[in-house]
Each structure stands twice: as structure tokens, then as C-alpha cells.
Amino acid sequence: MNKYRTHTCGELTKLDKEKEISLSGWINKKRDHGNLLFIDLRDNFGITQCVIDKSNEIFKEIEKLSLETVIKITGMVIERSNETINKNISTGEIEVKINSIDVLGKTKELPMPVFSDQEYAEEIRLRYRFLDLRRKKIHQNIILRSKVISFIRNEMQKLGFLEFQTPILTSSSPEGARDFLVPSRLNPGKFYALPQAPQQFKQLIMVSGFDKYFQIAPCFRDEDARADRSPGEFYQLDVEMSFVEQEDVFGVIETLFLKLFKTFSNKKILHEKFPRITYEDAMLKYGSDKPDLRNPLEISDLTIIFDREDVKFDIFKKLVKSGSLVRALVTKNTKDKPRSFFDSIDRWAKEQGSSGLAYFTLEKDDKINAKGPIGKFFSESALLEIMKLTNANIGDTVFLSCGKKNDVEKILSVARNKIAEDLNLIDNEIFSFCWIIDYPMYEIDETTKKIKFSHNPFSMPQGEINKLDLSNPLNIKAYQYDIVCNGIELSSGAIRNHVPELMYKLFEIAGYSKNDVNSKFSGMINALSYGAPPHGGIAPGIDRIVMLLANEKNIREVTMFPMNQNAQDLMMNAPSEISDDQLKELNLNIKKKK
RNA sequence: GGGGGUGUAGCUCAGUUGGUUAGAGCACCUGCCUGUCACGCAGGGGGCCGAGGGUUCGAGUCCCUUCACUCCCGCCA
């Protein structure tokens, strides 16, 4: 085809036998028999075994080439004999008898091997990302990511959405995450911010009358990393639609996700119509607003049990009197588990910073009784009531947590995952999607004790716009929703508030004056005053979707050039210091530390 | 900002109760080997045991400080 190759390393078969061909690629592996040498040549498309023996005068030269050298070989395709076929590779029926080679790219000694399934320290992988990316698994993950993004683009266009770009240099917003800031040379002392999401722009696109928009949008947030959260930057499938209700948004995403996940994975989808779970229910039953529905364990509230005369567990009773809650997790048929199993869970819970998990197992001889450290505190009729409230049966174990609502929710949520893992209750061959709906508009800030927006301040409160009762703000629910898969939050979204007068009122509750709103959200509030359509949308995280499809637990495994946990790019050496000249031009001074 | 884990050869790791000259596999170098596909065999080079301080006759090992990577909490509308 060109001077480098006639074929790729993944395409030759016995149909090509006797052909004179050329291939270019990396030396993946050598097997040197002294007078006979095999070279596995690798490119993006596959691996082809090439062979040469000492009868060729270049044999000695080839023998010396080190792994990962880039070479071009020319030679003839030979059909392999039956005993020597390699069924593990697509080109395993043939090999190429080398005539001549050209060295196209030499290599220094490798800091990490490419041909190996071994796991390596993150630091070395990130510093030599270009080597890491040659390795099979992550190479395939990145290709998957590309295909997923193309697929999404294609489907969104088919669903009638238009793709637009929005500015990268924009203005800082007061709500939410920390901004990345960019100093302005032409406007001394002023800064751009990189968008945390194109939130205001996508709403402006609706006000501009484009009806349906999407974008594979880069988002920038200066917050600390997690395994499923890149520091700095990530991508969202940003979606916004005009003249829609919540269910219209759900419809689009369910259509897209079902197609997407069926196309790129063989895992079963638990509910094809994604369950709608209210925020309140989710917090009660799962202790979390991102429940993993593959996990069958559910939490129930047993607070009222500890008001009973025939329950003598005084520690909990006292706490309940002073406002604490008691909630329970039930494990099915665990009566024969050794004592160490329960104690290790209790110990684990204490390590998580809770006061531990009390437990008892339900048994029956002549009457029902509870076995375990706290079993003796419960009468038979109290146990019957507990069984009713928790759906527990004889042989099941009841784990109890007592404390403030937030703490109980938190510990039981992680305990639910931990116990399910210990008991091997989670089917890894399933995707369990659900919608979490009816988020409260406001919540109390734990530190300031003031009312603040619990999610997106631009969300539309539920109820008729003209008849909203704003006197009990904590009771107001919003048309605000999350989509969750296997316990991973893929996205938040909302029907937006497109009524400026209402927005002023809602912001006032959170402590923002009309002037605050006008100055901080000028672009949007102004636009909403000139005929805004009702609209709403969502923004699923691309990286997390690919993570699920690639079956990876860490977002760096599906990100081509990620930063490390301290938001540094070890390969490009970013962030880096800049010259005094640059600082001067930007009107900046750096405060020297100490 | 806080808590946990890890740090020994280029890479992945072992290293006992504190005890002589710190080991293995892969990679690299040399030699042998014509059917391997994680080829095999023999030999070799390669170490500030993350860094600094301390305890001790003696520290990879014990103590303190610190750095790096990572996981978690806070944070992420």
C-alpha cells in the first residue's frame, strides 16, 4: 500500500499464503532459538508471528533488536503446519518468513514491560503512559471509549438532537465546585473560569430556540480525586430538551442506554424500564441515593420497637428517647455462620467510625428467640414485630445500627455493600439501572446551619408554579433526578426553572438577594426574561459509562492521559511554574510560601 | 485538611526474632540451542532497602520525622 506496509499485523490468513508482503510494527516478543528466531510483530490491529533462520545473512542483526523496537519487515506469508497453529491470535494460521527488515524506531531500555499482564505502580504507568497504552487491556479500553462516543453521537442525532460546542473560557460561578481559573491578559486582575459543566450555556441554547441539544462536553472541577472521579477534567454527555417533562428526559436516556449497553456488553440489564425510586425511599431502604440494586439487602426502620416495654436494650432505648433512629439490615439464612463472621462485621463497622453493628439471629425451638450478644433483650412478641417490619424469617440475622439519621444511613449503606460482598450476593454479570427522583430543593448546611440548595439551584420545584407554598422550604421537592447504575452515579439532571420571578424567590430562601442573582447569573436570568421555553435535561458521565462497559473500577483505566491523585500530569509535567515574563504580562504576583 | 495501605535491582516481588557478603522471576549483556508462541539451558552486570534522624556492638527489619504513590473521609450544585 505504502512504503511501510502492505498489510496490518491483524489481517493475514492462509488465503494470503505465498504472498510477498510487508508489515510494520513493534517487536512484542522474541523467541530466540539460536539458529531460528521468532518475532511477534504487533500493531494496533493484532500480532503476526515472523520467523527467520541463520541462512539469512541479516539473522545476527535481527537477533540483537530489543523488545518494542519499531521495524518494517518484508517477507513471504507461509501457511503453518497443523501442529504449529496458534489458535489464540487471528493470524495464527500463518507466519511471515522474513526477507529483510528496516529499523524505523529504536528504543532505550524499557522502564516497564509492554508484553505482560502484570499490574504496575500507577506512577510509572502515568509517567510512561505512551508505553502503558500499548498494553493490550488498556489499549482496548481506549478503543472502546472511542466507539462508545461515536455510537452516542450517532444515536443522539437519530433522536433529533443537535450537537453544539460551548465556550471553554467562561465566567466563574459561585455555586458548586471550585473553579479552575485563567487570568486574562487583556483585562488585568480579571479571570476566566473553565466550565464545571455547560449548565448555563445549555439553557441558553434552549432559550435560543434550538429545541434539543447534546454535546460530549469537557467539564472542569478543582476538587479531590476518587477512584471513579478524575481530578480536574472529565466528560459528560450533556443533554438539554425544550417543552419536556421529567418522563420525556427519562425516555430519551433509557432508549439510548439500553441500546448502548446492549451493543457494548453482554451483561444482563436487570430492569429494562429503569425503576423510579424517590430520594426518601432510597435513603431509607439503601441508606444512599446511589443504591446498587444488584444487592438484594434492604434496610428497615425499627425505631418504634425501642419504645416497647418488653424490649430491655437500654442503650438503644435511651438514644431513641433523645432522638436517635434504629435501622436494620437482614441477612437471609445466616444462622449457621460462625460467630467470627458477625464479630468481624461489627469490628469492621467500628473501623468505619460508627459505634458498631449490634446483631442477633432469629431461632425457634418451642418459641421464637433471638441468639447473639443482644438477643436476650427482646421478648417473643417484640421479635414477631421485628420480623413483620423487616420481612425477616427464622434463621435470618438482624443487624442494628442506632444513631442520628445521617450516621445510621451512612453506616448501613456501606454495611449493605460490605455484607453483600462477604456473602457473595452481588451478580457481577448484571447492570442495574434506576432513577432517583423527588430530591428536596433545599437542605440544612451542617456547618452553617443555614438553608442551602441541595442540588442544582436552577431546578424547578414541584407543584403548580403560581400556588407554591414557600413557607416550609425543606418540604419543597424539585424535579431533580439522578440516574444510577450498579451503585455508581452516572448523572444528575433536572427540569429547569425557566421563570425569573420564581427563581428570585427560591434564591432568596438560600440567602441570595435579587442583586446577587442578577450579577452572578446575569447571562441566564436575563435570557429567561425574554421568553424562555420550559426545558430540562441531564448530563451522564462518559468516563463512568465506559468504566461500566469495560468492567473497570478505576477511571484512569478508561482515560487516555489521566492525571494522578494530586492533579499532576507526570508525563507532561503539569502543572508547572511559569516565567516571570509570563506573570508580568498577566499582572500576577506569586506569594512565596514562607 | 484527616485516616488506612504501599515504598527493597529497569519492572514485579521475597527478605524469619535486629546478626556475616540483601535474594528470586522478568528485562538487559555474553555463550549454547532450527518450531517456539510466557521457548529452553549456562553465565554476567545491575541496590543510597524512598529520604532524614534516633535506639543498638550491630538496622532492609525497631522508634520518630518527612516525601512519593494509592484507597477512603471531608469536598465534588
Side-chain angles (χ1 to χ4, degrees), chain A residues 28-41 47-56 59 63-64 66-68 78 80-89 91-92 95 97 107-128 131-132 173-179 196-197 199-200 219-232 234 351-354 410-411 414 439-443 445-447 452-459 478 480 482 489 492-494 496 507 510 521 539 541 553-554 556 563-566 568 570:
Chain A
N28 193 55
K29 191 74 190 163
K30 284 191 302 183
R31 288 175 296 280
D32 189 351
H33 293 238
N35 294 313
L36 175 74
L37 170 68
F38 297 99
I39 287 181
D40 289 341
L41 197 67
I47 285 177
T48 302
Q49 173 168 284
C50 306
V51 62
I52 187 168
D53 68 24
K54 69 173 176 190
S55 64
N56 190 321
F59 180 80
E63 221 181 1
K64 285 199 166 62
S66 48
L67 300 184
E68 294 306 308
I78 308 287
R80 294 201 206 181
S81 66
N82 264 337
E83 321 84 70
T84 60
I85 286 176
N86 183 350
K87 285 178 181 145
N88 298 322
I89 55 176
T91 59
E95 63 192 2
K97 186 161 190 247
T107 175
K108 298 198 278 187
E109 189 176 344
L110 297 172
M112 59 178 283
V114 170
F115 174 66
S116 167
D117 292 331
Q118 191 124 42
E119 303 211 17
Y120 299 98
E122 205 74 33
E123 192 175 358
I124 200 113
R125 293 183 59 194
L126 294 181
R127 181 158 283 137
Y128 297 94
L131 287 180
D132 192 33
S173 72
E175 284 283 317
R178 297 180 187 92
D179 285 317
Q196 296 178 21
Q199 180 64 37
Q200 294 192 55
C219 304
F220 305 90
R221 295 178 192 175
D222 188 5
E223 295 295 345
D224 290 356
R226 287 288 183 278
D228 64 351
R229 210 165 78 199
S230 294
F234 60 98
E351 281 164 16
Q352 301 300 304
S354 82
K410 197 174 281 173
I411 188 64
V414 283
Y439 275 85
M441 190 83 204
Y442 300 99
E443 64 188 12
D445 188 308
E446 286 295 325
T447 44
K452 64 167 190 178
F453 289 108
S454 66
H455 277 69
N456 186 326
F458 306 129
S459 300
Q480 162 89 42
D482 278 10
E489 182 192 321
S492 286
R496 323 294 176 188
F507 268 93
F521 308 104
K553 288 203 165 59
N554 194 299
R556 289 185 297 272
M563 297 200 281
N564 70 7
Q565 194 171 41
N566 295 321
Q568 299 159 338
L570 299 176

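Numbers restart at 1 for each chain; the letters A, B, ... are given by sequence-line order, proteins then strands.
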Fill in the blank from the handout: Contact check, residues 111-118 of chain A vs RNA chain B, heavy-atom distance under 4.0 Å, returns A:P111, A:P113, A:F115, A:Q118
Handout entry: Residue A:Y120, side-chain atoms from C-beta onward, closest of B:U12, B:G35, B:C28
Key =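 Out of B:U12, B:G35, B:C28, the nucleotide with an atom closest to A:Y120's side chain is B:U12.
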Fill in the blank from the handout: Testing B:U12, B:C37, B:U36 for proximity to the side chain of A:N86, the answer is B:C37
Should [N] form a Watson-Crick or G-U wobble pair with both distances under 3.5 Å, which nucleotide is its partner?
N	result
B:A68	B:U6
B:U16	none
B:G1	B:C73

Handout entry: Cationic N near anionic O, under 4.0 Å, A:D224 to A:R229
Key = no
Exercise for the section: State, yes or no, whether a side-chain contact exists between A:M112 and A:R127 at a heavy-atom distance under 4.5 Å. Expected result: no
Handout entry: Test item: A:K452 and A:E443 side chains (from C-beta on) under 4.5 Å apart, heavy atoms
Key =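 They are in contact (side-chain heavy atoms under 4.5 Å apart), so the answer is yes.
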Fill in the blank from the handout: Under a 4.0 Å heavy-atom criterion, the protein footprint on nucleotides 66-75 of chain B, written with B, S and -, is --SSBBSBBB
Base, sugar-phosphate, or nothing for [X], non-hydrogen atoms under 4.0 angstrom?
X	result
A:K452	nothing
A:S454	sugar-phosphate
A:I124	sugar-phosphate
A:F38	base

Practice task
Establish whether the base of B:C11 is bridged to the side chain of A:R125 by a donor-acceptor pair shorter than 3.5 Å.
Solution key: no
For atom [atom1], what is the distance between [N] and [M], given to the nearest Å?
N	M	atom1	answer
B:G47	B:G23	P	14 Å
B:U55	B:G60	P	16 Å
B:G43	B:G3	C1'	50 Å

Fill in the blank from the handout: Heavy-atom nearest nucleotide on RNA chain B taken for A:T84 and for A:E119; more 5' hit belongs to A:E119
Completion exercise
Sorted by chain and residue number, the side-chain hydrogen bond (donor to acceptor under 3.5 Å, both in side chains) partners of A:T107 (sequence neighbours excluded) come out as none
Practice task
Identify whether a stacking contact exists between A:H33 and B:C39, where the ring centres must be under 5.5 Å apart and the planes under 30° apart.
Solution key: yes
Practice task
Would you name the heavy atoms of A:P231 and A:N564 that are closest together and state the gap between them?
Solution key: CG-O, 3.2 Å
Problem - side-chain N/O A:R31 vs B:C39 OP1/OP2, d < 4.0 Å - result: yes
